Amino acid sequence: MNETTALNPSSIENLDPKEYIIIKNARVNNLKNLSVAIPRNKLVVVTGLSGSGKSSLAFDTLFAEGQRMYVESLSSYARQFLGRMEKPDVEYIKGVSPAIAIQQKVSTKNPRSTVGTTTEIYDYLKLLFSRIGHTISPVSGEEVKHHTVTDVVDFVHSFEENDKVMISCPLQANASRSIEKELEILLQKGFTRVIIDGEVYYVEDLLEEKEIPKGEMEILIDRAVVRKDDEDNHFRIADSVQTAFFEGHGDCHVVVPGKEARNFSDRFELDGISFELPSVNFFSFNNPYGACKTCEGFGSVLGIDPDLVIPDKSLSIYEGAIAPWRGETTKKWAAPLIKNGIRFDFPIHRPYEELDDEHKELLWKGNSHFKGLDAFFEHLQSKTHKIQYRVMLSRFRGRTTCPDCKGTRLRKDAAYVKVNGHSITDIVLMPIDRALDFFQTIQLTEAETKTANRLLKEILNRLEYIDKVGLGYLTLNRLTSSLSGGEYQRIKLATSLGSALVGSMYILDEPSIGLHPRDSDRLISVLQSLRDMGNTVIVVEHEEKIMKAADEIIDIGPDAGNNGGELVFQGKLQDLISHGETYTAKYLKGEEKIDIKQGNRKWKDKILVSGARENNLNNINVQIPLHTLTVITGVSGSGKSTLIKKVLYPALGKMLGTVIDETGKFDTLGGDYKSISQVEFVDQNPIGKSSRSNPVTYVKAYDAIRSLFADRPTSKQRGYKPAFFSFNVDGGRCEACQGEGTQKIEMQFMADIFLTCESCKGKRFKNEILDVTYKDKNIADVLDMTIDEAMEFFKGKNAIITRLQPLQEVGLGYIGLGQSSNTLSGGEAQRVKLASFLGKGGNKAKDHVLFIFDEPTTGLHFHDIKKLLHSINALIEEGHSVIIIEHNTEVIKSADWVIDLGPEGGERGGNVTFEGTPEALQEVEDNYTAKYLRESFS
């Protein structure tokens with residue numbers, strides 16, 4: 001480390017907290033009395049190996065202190081609900097601004113969450129349409145209007161002073177009552193006069209007469225005089241109009257004798273249809289009033305999934321293409337079709353994928369010769385009192401698009417409300433870059449502009465930021481759970497940017513995740529604009545381009561885990577390259593390289609996907625070689641995730657009976673896919689659903705550790721079984737925190753915080769269990785070890801070592817054995833899953849697993865990518881196949897086969913722009929990936 005880059009702790013004390021955020025002697029996690037001064041209102045990149053202490057500095061120290069200081073600033077009444085927040089283990093921190101953290105957490109699984117709701121744009125759209133939306137009749141195309149009391153009062157006051165006015169309404173007679181009875185009721189209500197065919201009569205006079213004149217009868221509500229400056233007169237007329245609307249069931253008649261007569265209606269109807277008045281809830285699919293009644297606002301319904309009913313479309317009906325009709329008892333349903341198919345010209349020997357639409361529909365509807373699939377499932381439904389029928393039905397159920405709202409989630413009539421000729425469903429279904437154009441060129445009347453001005457500013461502001469971070473190809477209706485890890489990070493970034501705070505401290509965890517190098521420049525401009533607004537932007541990042549754009553680089557190291565936690569460099573990128581001796585510097589200078597290419601593997605087996613056209617895919621065909629490393633790349637939004645996650649993965653999974661997700665639209669799956677015995681999607685979702693889940697339990701090493709402690713003499717004397725050393729079941733665990741070591745404090749309107757359990761002091765177990773030791777370490781001490789330490793500690797215990805070794809091989813030697821899964825980043829969780837597969841090994845003769853990795857370089861330093869690729873190649877050497885969705889040029893370089901999608905994102909993407917080897921790709925002209933790959937090869 002260059003001496004000029006290190007900060008002398010004593011010199012920190014002399015710095016001005018108005019100019020710097022000063023941290024002295026931080027000891028959080030693996031930080032070793034780290035002291036650093038971060039310049040305010042600058043773009044600062046914190047880098048270093050995975051596990052070196054970057055997140056400990058940025059999130060567990062800086063953000064935690066910012067959050068704690070905020071809570072302390074609240075009133076004592078508010079603080080009692082927010083619990084106790086522990087101060088980070090640091091001597092002091094000065095100059096901390098209000099902190100906003102955008103962490104590397106995996107996207108929500110909430111089925112109601114969309115891009116529009118996550119970014120808050122949909123909330124503003126609901127307000128916009130409820131305030132200035134025009135309801136258009138679907139019959140005539142005319143605008144539906146209704147009159148208000150104000151409209152009628154304004155009409156009355158449009159006449160000259162002292163003009164006489166009559167306000168009346170039709171008599172809404174009850175068919176079960178006589179006209180005399182109706183007139184008596186009117187008298188009781190206080191009305192004294194009626195109008196019959198234009199003539200005014202006293203009600204009392206009519207009741208005295210034996211014969212009431214025939215004709216249209218109206219109630220005379222009031223007779224008034226126009227007095228424009230008389231406020232009491234204004235109120236009187238308004239009150240009379242309100243009464244007329246009520247008594248006339250929506251109708252009010254105003255007559256100015258000798259001048260004009262006019263009918264008014266406050267009913268919202270046209271063309272014989274009664275419409276709903278637009279309101280905020282009318283456009284909300286999270287509210288029963290606005291949600292589609294069929295799918296309750298989910299956009300999909302639980303129905304019979306055709307892909308589960310006919311999983312292998314290459315089979316014919318005769319060969320058993322229809323899965324539920326293959327059983328011993330259910331094959332009787334297929335028999336009439338096979339026997340009588342020739343009578344109505346049904347090709348029972350033709351593969352299902354080659355049948356025309358008419359024949360496919362016939363299979364479901366049936367005819368006079370056989371009962372179709374619809375009748376079969378109706379029969380099962382009628383027998384659901386028996387468990388075997390319920391089980392069978394559940395095997396073929398899946399989420400299908402709602403037939404009523406077509407996936408828009410809203411009630412149908414919400415689409416009748418238009419702003420500038422577009423409904424809210426039109427806007428949420430168009431790509432964000434087109435929605436941005438729409439709002440930039442929107443044409444409104446002066447009154448509408450005045451009403452909607454603030455709303456439009458908020459909508460435009462957020463749409464612009466989403467477009468700037470490279471997500472202009474998404475739609476606002478896109479489910480948040482269907483986004484890739486990188487897309488979700490940038491959605492959260494855009495949401496934070498949209499709030500446009502000033503004087504804050506933004507801490508971002510790798511915003512470049514899932515971003516093609518082409519799109520990094522746009523992200524950098526967003527980060528710089530955030531800085532220029534007067535914020536301190538601290539980015540935990542490994543991306544070289546972002547490092548180049550930074551005002552300052554902080555490198556933590558020198559290694560990971562216990563060998564990290566030190567400040568090894570602080571300064572400009574040029575100084576890091578010139579003088580730095582860190583891993584980061586060596587890779588930037590080219591002294592270290594990720595070069596594990598083993599030559600292109602020869603392949604003959606492949607999977608063929610034909611006619612993929614889900615989302616923006618343009619009816620593409622791709623071939624994916626087996627027993628090789630295949631990389632799917634392309635600019636953000638080009639269709640990579642759609643091709644693999646929405647088409648290939650569910651299509652293969654359904655054939656193997658392991659996936660029930662809805663399959664995207666495609667024609668056929670061909671090639672040698674039947675050789676695959678298992679398909680594993682290794683994403684960045686947390687490992688395990690419980691916060692007690694951790695790496696050592698996930699890779700099944702903890703069973704052997706518990707057995708080892710149960711075999712100790714103390715355990716045998718006291719009768720402790722292996723379960724006593726588990727924090728997942730009652731027995732030896734601390735009951736105050738249920739074996740978690742921490743207790744969750746719900747923060748009401750802030751993120752929840754986790755505090756160390758006061759009962760067990762974070763040890764997770766009862767004190768008597770901690771009496772049992774192995775090599776002077778109890779079970780809590782073992783869980784506090786890192787993987788590297790445990791590998792040394794358990795030397796000779798093969799049952800434990802063989803399970804832990806893969807974690808070390810994928811570069812996770814620095815994480816704790818008992819580290820809670822909710823503290824692992826998405827990239828770390830993904831590598832724990834990879835390690836569990838490596839630990840299982842696999843029978844080369846029988847097992848052929850297809851592994852799909854979604855951006856596995858997330859959170860990885862150059863040095864860690866090298867380890868990751870070694871592990872992935874180990875899977876291929878065991879006879880498996882690997883597909884990686886990735887932008888990192890080092891990974892693309894190491895692939896055997898590359899499929900590049902593009903040429904752009906969204907509607908201008910979805911085409912195969914290249915298929916072949918990385919060497920061939922770099923020779924291609926006018927290709928974004930090829931351009932950056934050439935730079936990497938050079």
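These numbers were taken from a predicted model, which means no experiment stands behind them.
In summary, Asp123 and Lys126 engage in a salt bridge, as defined by a charged side-chain N under 4.0 Å from a carboxylate O. A salt bridge links Glu458 with Arg462: the closest approach of a Lys/Arg side-chain nitrogen to an acidic carboxylate oxygen falls below 4.0 angstrom. A salt bridge links Asp467 and Arg522; the closest N-O separation between the charged side-chain nitrogens and carboxylate oxygens is under 4.0 Å. Look at Arg434 and Glu907 and you find a salt bridge, because one of the NZ, NE, NH1 or NH2 atoms lies within 4.0 Å of a carboxylate O, short of that distance. With respect to the salt-bridge test (charged N to carboxylate O, under 4.0 angstrom), the residues Lys259 and Asp163 qualify. Contact check on Arg267 versus Asp251 returns a salt bridge, with a Lys/Arg side-chain nitrogen under 4.0 Å from an Asp/Glu carboxylate oxygen.
Taking the centre of each ring, Phe370 and Phe376 stay at or above the 6.0 Å mark. Taking the centre of each ring, Phe264 and Phe155 come in below the 6.0 Å mark.
The NZ atom of Lys181 sits 6.0 Å away from atom CD1 of Ile185, with the distance rounded to the nearest 0.5 Å. To the nearest 0.5 Å, atoms CG (Leu455) and CD1 (Ile121) are separated by 13.0 Å. Residue Ile196 holds its CD1 atom at 5.0 Å from CG of Leu206, rounded to the nearest 0.5 Å. Separating the NE2 atom in His253 from the CZ atom in Arg262 is a distance of 12.0 Å, to the nearest 0.5 Å. To the nearest 0.5 Å, atom CD of residue Glu448 and atom CG of residue Asn453 are 12.5 Å apart. For the atom pair CZ (Arg177) and CG (Leu183), the distance works out to 11.5 Å, reported to the nearest 0.5 Å.
Under a 3.5 Å cut-off, the side chain of Asn287 and the backbone N or O of Phe282 do not form any donor-acceptor pair. Side chain of Arg390 to main chain of Thr384: a donor-acceptor pair is present (N/O by atom type, distance under 3.5 Å, no hydrogens or angles). With hydrogens and angles ignored, the 3.5 Å screen pairs no side-chain donor or acceptor of Asn281 with any backbone N or O of Ser284. Under the 3.5 Å distance criterion, the side-chain polar atoms of Asp151 are matched with a main-chain donor or acceptor of Thr148. For Thr480 (side chain) and Thr114 (main-chain N/O), a donor-acceptor pair under 3.5 Å exists by modelled atom type. Asn618 contributes a side-chain N or O that, together with a main-chain N or O of Gly909, makes up a donor-acceptor pair within less than 3.5 Å. Side-chain N or O atoms of Thr118 include none that pairs as donor or acceptor with a backbone N or O of Val115 at under 3.5 Å. Within the 3.5 Å criterion, the main-chain N or O of Asp197 finds no donor-acceptor partner in the side chain of Glu216.
The aromatic rings of Phe285 and Tyr122 are tilted relative to each other, their planes meeting at an angle between 30° and 60°. Ring orientation note: the planes of His234 and His157 are close to parallel, at an angle under 30° on the 30°/60° scale.
Atom NZ of Lys164 is surrounded by 12 or fewer heavy atoms from other residues, nucleotides or ligands within 6.0 Å. For Lys418, the NZ atom counts as densely surrounded, since its 6.0 Å shell holds more than 12 non-hydrogen atoms of other residues, nucleotides or ligands. Residue Lys228 qualifies as enclosed at atom NZ: its count of foreign heavy atoms under 6.0 Å is above 12. Heavy-atom contacts from other residues, nucleotides or ligands closer than 6.0 Å to CD of Glu269 number more than 12. Shown here is Arg397, whose CZ atom has more than 12 heavy atoms of other residues, nucleotides or ligands within 6.0 Å. Few gaps surround CD on Glu184; more than 12 heavy atoms of other groups in view lie less than 6.0 Å from it. Counting non-hydrogen atoms of neighbouring residues, nucleotides and ligands closer than 6.0 angstrom, the NZ atom of Lys412 reaches no more than 12 such neighbours. For OH of Tyr289, the number of neighbouring non-hydrogen atoms (other residues, nucleotides, ligands) closer than 6.0 Å is greater than 12.
In plain terms, the two heavy atoms of Leu471 and Arg490 that are nearest each other are CD2-NH1, 3.4 Å. Pro138 approaches Tyr416 most closely through the heavy-atom pair CG-CZ, 3.7 Å. Closest heavy-atom contact between Ile212 and Glu180: CD1-OE2, 3.9 Å. Taking each heavy atom of Pro170 and Ile219 in turn, the nearest pair found is O-CD1, 4.5 Å. Contact detail for Ile195 and Met166: the closest heavy-atom pair is CD1-CE, 4.2 Å. Considering every non-hydrogen atom in both Gln381 and Leu393, the closest pair reads OE1-CD1, 3.5 Å.
The salt bridge (Lys or Arg N to Asp or Glu O under 4.0 Å) check on Asp413 picks up Arg411, with sequence neighbours excluded.
With a 4.5 Å cut-off on side-chain heavy atoms, Thr408 and Val428 do not count as touching.
Among the candidates Leu355, Leu362, Asp356, the single residue satisfying the side-chain contact (heavy atoms from CB on, under 4.5 Å) test with Glu358 is Asp356.
Both cation-pi conditions hold for Arg112 and Phe298: the charged atom is under 6.0 angstrom from the six-membered ring centre and inside a 45 degree cone around its axis. Cation-pi geometry between Lys189 and Phe191 is not satisfied (NZ or CZ under 6.0 Å from the ring centre, within 45° of the ring normal).
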